[in-house]
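Starting from 1, each residue takes its place in the sequence as its number.
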Amino acid sequence: MRPLDHLHISLYWLGDEVDDLDQVVQVADRACKAVAYAMPAFEVTFDRVSTFRGRALNQPLVLVGSKDGNAELKAFHRLLAAKFSNQRSKNPKFTPHMTLRYDLEITEEPMSPVNWKVNEVVLAQSHVGATKYDRLAHWTLGDWQKMPA
């Protein structure tokens with residue numbers, strides 16, 4: 001099981017190897033300010049446990065929502081993807097999920113819903129294979145007072 005402080009919903013992947021981290025932070029700052037400040041906090045619900053199939057190694061055990069659920073999270077992703085459209089990663093398919101662990105393949109099953117309020121977006125650098133994340137920046141959802149001019 002992953003440590004509790006590592007649980008997150010990945011919204012956008014910018015690549016495993018970043019040549020200029022400062023440039024990525026600048027691009028993310030512009031994109032996330034434009035989206036996060038304009039969107040209020042919202043609820044996310046996961047009510048199924050599943051595995052993403054098709055990966056040769058490290059089958060992830062994930063929490064997912066119902067097919068028609070989490071409309072606000074999906075809308076947030078679409079807005080963010082539009083702002084990142086010039087980046088190399090296009091993230092065409094997005095399934096809102098939270099990874100709990102790897103190497104445990106299961107059949108999708110319903111579970112008691114897990115709900116929480118999303119109130120910020122974080123730019124994190126993942127150290128692949130190390131279960132380590134560095135928080136590079138964060139933005140509060142709906143923070144109109146800090147909205148850029």
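For the pair V118 and L73, the minimum side-chain heavy-atom distance is 4.5 Å or more. A heavy-atom distance below 4.5 Å is not found between the side chains of P110 and D47. Residues T140 and N119 are not in side-chain contact: their nearest non-hydrogen atoms beyond the backbone lie 4.5 Å or more apart. Between D29 and W139 there is a side-chain heavy-atom pair separated by less than 4.5 Å.
When all heavy atoms of L123 and A28 are compared, the closest pair comes out as CD2-CB, 3.7 Å. Minimum interatomic distance between A36 and V121 (heavy atoms only, all atoms of both residues): CB-CG1, 3.8 Å.
Considering E108, H97, E109 as possible partners of R48, the one that fulfils the side-chain hydrogen bond (donor to acceptor under 3.5 Å, both in side chains) test is E108.
We find the CG-OG1 distance between L61 and T99 to be 8.5 Å, quoted to the nearest 0.5 Å. Note: T45 OG1 to L63 CG = 11.5 Å, rounded to the nearest 0.5 Å. S112 contributes atom OG, which lies 15.5 Å from atom CZ of F46 (distance to the nearest 0.5 angstrom). In this structure, the separation between SG on C32 and CG on L141 is 9.5 Å, given to the nearest 0.5 Å.
Looking at K83, its side chain never comes within 3.5 Å of a backbone N or O of V27 through a donor-acceptor pair.
Taking hydrophobic clusters as Ile, Leu, Val, Met, Phe, Trp and Tyr residues chained together by side-chain heavy-atom distances below 4.5 Å, Y133 does not share a cluster with V122.
A search for side-chain hydrogen bond (donor to acceptor under 3.5 Å, both in side chains) contacts involving D134 returns H127, K132, not counting sequence neighbours. Residues meeting the ring-ring contact (aromatic ring centres under 6.0 Å, His included) test with F76, sequence neighbours left out: none.
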